[in-house]
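Below: one structure, written as structure tokens.
Since this is a predicted model, take the numbers as computed values, not measurements. Just so it is clear: chains get the letters A, B, ... in the order the sequence lines come, proteins before strands, and each one is counted from 1.
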Protein chains: 2
Amino acid sequence: MNIGDAAKQSGLPAKTIRYYEDISLVVPARGDNGYRVYGPEDVHKLRFVQRARGLGFSVEDCRALLSLYEDENRASADVKAIAQERLAEIADKIAELKAFQKTLKHLVDHCHGDQRPNCPIIDGLAGPDH
Amino acid sequence: MNIGDAAKQSGLPAKTIRYYEDISLVVPARGDNGYRVYGPEDVHKLRFVQRARGLGFSVEDCRALLSLYEDENRASADVKAIAQERLAEIADKIAELKAFQKTLKHLVDHCHGDQRPNCPIIDGLAGPDH
DNA sequence: ATAAGGGTTCCAGTCGCTGGAAGGTCAAGG
DNA sequence: CCTTGACCTTCCAGCGACTGGAACCCTTAT
């Protein structure tokens with residue numbers, strides 16, 4: 001199948017699929033006319049990557065996961081390790097965002113939000129010593 | 001003061017400060033030797049940007065906030081609007097990450113993490129139909 | 001024959017820096 | 001006066017993960 005159909009079946013834009021070939025993530029065969037030819041196995045991989053990316057795995061994580069996906073003799077421990085690292089990153093990011101949220105919400109709550117220039121948000125950003 | 005001191009006082013790397021001049025965010029004067037010269041007001045602005053970035057505001061948000069910071073006749077409502085938009089983005093991002101977390105945690109919890117190839121994480125990424 | 005709707009390549013841009021190379025300037029010490 | 005070392009300058013390239021666009025080729029239907 002051509003790239004357009006692979007795009008439809010994988011849920012990825014054709015541009016992205018070409019990019020994945022560029023970085024040797026999912027490399028299709030080529031037809032006589034030079035067109036990329038995607039077989040069912042390629043489409044599986046593309047969908048796999050699409051899902052993994054959707055869960056926030058980096059492309060490099062996807063590369064590692066794909067090679068485990070293809071490895072009949074993988075140890076599930078290796079997969080779990082990658083997923084757990086990603087879980088830790090997610091937790092860190094959530095904590096960071098919650099801290100932003102708290103600070104910002106505090107500032108917003110104290111701002112009148114009217115036509116006058118006095119603004120606790122600006123003051124807060126300017127720093128404690130202002 | 002020179003860029004090195006401005007860096008120390010603002011908490012930003014010199015490289016970043018040069019970049020901020022490049023994009024016309026904080027533009028210092030120049031000495032006869034061609035060195036950037038940062039006055040106290042410039043340093044205030046740099047610290048302001050440093051804090052705003054630290055709260056996750058985009059550089060373009062910072063540009064808008066800076067111009068409000070400098071505007072004696074600003075309406076605090078304008079500042080509040082920017083901050084509230086950012087708060088909404090933060091909330092969205094947290095929700096997204098929590099969804100990732102939930103899915104991934106579910107997969108991880110069901111993975112033995114041993115030397116055998118069977119792996120619910122891989123299966124989950126491969127899709128429901130596999 | 002032509003037009004539509006695929007496909008191809010390559011280059012540039014996004015965002016917010018960051019690293020490095022090659023060179024100019026300044027203050028202190030010998 | 002000269003050198004050393006720390007600072008400063010510019011410019012170019014790269015990160016991640018695409019995305020847009022230009023210019024061109026291929027296929028199919030009318």
Side-chain angles (χ1 to χ4, degrees), chain A residues 1-39 42-43 45-66 82 85-86 89-90 93 96 100, chain B residues 1-39 42-43 45-46 48-66 85-86 89-90 93 96 100:
Chain A
M1 111 192 31
N2 287 345
I3 198 169
D5 293 323
K8 267 168 215 150
Q9 295 206 19
S10 65
L12 290 166
K15 274 264 174 190
T16 300
I17 297 179
R18 281 191 202 101
Y19 171 71
Y20 287 163
E21 184 189 6
D22 243 42
I23 61 170
S24 309
L25 190 62
V26 178
V27 179
R30 292 288 181 139
D32 291 345
N33 52 11
Y35 285 18
R36 290 168 181 81
V37 179
Y38 291 87
D42 294 319
V43 173
K45 288 191 210 168
L46 288 173
R47 287 160 68 103
F48 184 92
V49 172
Q50 194 265 335
R51 287 208 176 77
R53 294 283 302 126
L55 284 175
F57 285 99
S58 74
V59 166
E60 286 317 302
D61 280 341
C62 291
R63 195 188 299 279
L65 289 169
L66 256 190
I82 294 173
E85 231 173 272
R86 175 71 196 135
E89 284 168 28
I90 290 172
K93 192 74 195 171
E96 189 190 20
F100 293 173
Chain B
M1 100 191 43
N2 287 345
I3 197 169
D5 294 321
K8 268 169 215 148
Q9 295 207 18
S10 65
L12 290 165
K15 275 266 176 189
T16 300
I17 297 179
R18 282 192 201 100
Y19 170 71
Y20 287 165
E21 183 189 6
D22 245 40
I23 60 169
S24 307
L25 191 61
V26 178
V27 180
R30 292 288 181 139
D32 291 345
N33 51 13
Y35 285 19
R36 290 169 181 82
V37 179
Y38 290 87
D42 294 319
V43 174
K45 289 191 209 168
L46 289 172
F48 183 92
V49 172
Q50 195 266 336
R51 287 207 176 80
R53 293 284 300 128
L55 284 174
F57 285 100
S58 73
V59 167
E60 286 315 303
D61 279 343
C62 290
R63 196 189 297 280
L65 289 169
L66 256 190
E85 230 173 274
R86 176 71 195 134
E89 284 169 27
I90 291 173
K93 192 74 195 169
E96 188 189 20
F100 293 173

Between residues 29-39 of chain A and DNA chain C, which residues have a heavy-atom gap below 4.0 Å? A:R30, A:G34, A:Y35, A:R36
Name every residue in residues 1-17 of chain A that has at least one heavy atom under 4.0 Å from any atom of DNA chain C, in order of residue number, or write none if there are no such residues. A:N2, A:I3, A:G4, A:K15
Are any of the side-chain heavy atoms of [X] and [Y] separated by less than 4.5 Å?
X     : Y     : answer
B:K93 : A:K93 : no
B:P28 : B:V37 : no
A:L25 : A:K45 : no
A:L66 : A:V26 : yes

Please report the interatomic distance [atom1]([X]) to [atom2]([Y]), rounded to the nearest 0.5 Å.
X     : Y     : atom1 : atom2 : answer
B:I3  : B:D42 : CD1   : CG    : 11.0 Å
B:C62 : B:Q50 : SG    : CD    : 10.0 Å
B:E89 : B:E96 : CD    : CD    : 12.0 Å

With B:Y38 as reference, evaluate B:D5, B:N2, B:I17 under the side-chain contact (heavy atoms from CB on, under 4.5 Å) test and give the passing residue. B:I17
Nearest-Å distance for atom pair CD/C1', residues A:E89 and D:dG16: 14 Å
If I take atom CD in residue A:E21 and atom C1' in nucleotide D:dC18, what distance separates them, rounded to the nearest angstrom? 16 Å
I need the residues from residues 52-65 of chain A with at least one non-hydrogen atom less than 4.0 Å from DNA chain D; give them sorted by number, or say none. A:R53, A:S58, A:V59
Taking only residues at least two apart or on different chains, which pairs with a member in residues 10-22 of chain A satisfy side-chain hydrogen bond (donor to acceptor under 3.5 Å, both in side chains)? A:E21-A:R30, A:E21-A:R36
For A:A14 and A:A7, which heavy atoms make the closest approach, and how far apart are they? N-CB, 4.0 Å
Angle between the two end axes of the helix from C:dA1-D:dT30 to C:dG30-D:dC1, five base pairs per end, rounded to 10 degrees? 40°
On DNA chain C, which is the earliest and which the latest nucleotide, 5' to 3', with an atom closer than 4.0 Å to a heavy atom of chain B? C:dG16 to C:dC26
Would you check if the side chain of [X] reaches a backbone N or O of [Y] as a donor-acceptor pair within less than 3.5 Å?
X     : Y     : value
A:R53 : A:F57 : yes
B:R63 : B:S58 : no
B:R86 : B:I90 : no

Tell me, yes or no, whether the heavy-atom count around A:E85 atom CD, taken from other residues, nucleotides or ligands under 6.0 Å, exceeds 12. no
